[in-house]
Amino acid sequence: MDVSQRESWLLARYAMFSRDTAGRKHAEPEHAYRGPYQRDRDRVLHSAAFRRLSGKMQVFTGEMGDYHRTRLTHTMEVASVARTMARVMRLNEDLVETLALLHDIGHPPFGHAGEDALAECLADDGGFSHNHFALTLVEDLEDRYPQFPGLNLSQEVLDGQKTRTDKTGTTDWPPLLEVQLVDLADSIAYNAHDVDDAMVLGLVQPGDLLEVPLANRAARHLARKHKEIPENRRRQALVRELIDIQVGAVLTKCLPELSKSGWNSADEARRAGYCLTPSADIAAEKRVLEEFLYDSVYRHANLLEVRRRAQQQLTEMFEYLVRHPNFLSPPYRARIEEVGIRRAVADYVGGMTDRFCYQRYDELIAQSS
Ligand code: MG
């Protein structure tokens, strides 16, 4: 069975079918047995930028322990949640997986702290956004194919990532359902795993968490399912329940709506302006959990200190490299003429892992001062 036949069997009519792809910027012959989005997934998976996610912080740095998520394991959790949901909704699982693996690939070292620092360095030169940098990586900086620069991904993958750079969208229509789904899976995954990591690190106490409605709901679900949960398994059970509730709230609301819709193509679903969302009660509780995480975790004093140091080092290194471009690696030196010195330095620094960034800072700045 070829890809097209397989998709005809498995996908709903409102899914994005491989046979309807707008193709790639540089035309390529079809692969013998992989569909276009399967190839895209493999191209992302084999990219250097994807591997570097293992050395980039999600919320907590490597110095804070080895239990918590890195940006790579966050990405894998997003892909897992997204694929599960895509399969139930009969959306294109290959496209969903590609978008999930790609979604955070443009994060500079030190997460949002690093992004803010680079945005500040480039304030007069177009700014810096990790979502936009993901496109630069896959369209330009990943050099691995003889015939073209970048990964030459399918248009739907690039368009999906583009909607992340501008949430208001470039058309009047919402993005493909597959794109919307990955966005939902991202927040479902981080809401749950940030609770888990923050509890292990002692930044969140169970008593405070249980005052948050969604966590309280999860605890009530668990109490109905189990007479007693051993102390050492409560946190994991709660985190699992948090994922389950959030996923369930999307599926139970959207599945009946989609099956009633009568849309015969991905395009029809878009033109109808349909948006995947969780049920209203869970959407509201999700927002409260996100506010709680923001105040008690992302703005925790320990993280603000990491943030301060990361921003200071990144900014110092950025300005040093602008003055001494001979320390850029050759591909980035070659880019200066094309994109200007400040953007070339941002492209170089943006691709670094946290560890390499510390190391480079030590080599270039700490030892020379
Ligand atoms: Mg993410």
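Predicted model only: the values in this text are computed from it and were never measured. Numbering of ligands and ligand atoms starts at 1, following listing order.
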Answer with yes or no whether the side chains of Arg24 and Asn152 bring together a donor and an acceptor at under 3.5 Å. no
Pairs in or reaching into residues 203-216: which pass side chain to side chain donor-acceptor pair (under 3.5 Å), with residues at least two apart or in two chains? Asn216-Arg220
Side chains of Leu101 and Met76: does their closest heavy-atom pair fall under 4.5 Å? yes
At a cut-off of 2.8 Å, list the protein N/O/S atoms near the Mg ion (ligand 1), residue plus atom name. His74 NE2, His103 NE2, Asp104 OD2, Asp186 OD1
Applied to residues 335-367, the ring pair (Phe, Tyr, Trp, His ring centres under 6.0 Å) test, sequence neighbours excluded, yields Phe110-Tyr358, Tyr332-Tyr348
How are the rings of His107 and His130 set relative to one another: parallel (under 30°), tilted (30 to 60°) or perpendicular (over 60°)? parallel
The ring-ring contact (aromatic ring centres under 6.0 Å, His included) partners of Tyr67 (sequence neighbours excluded) come to none
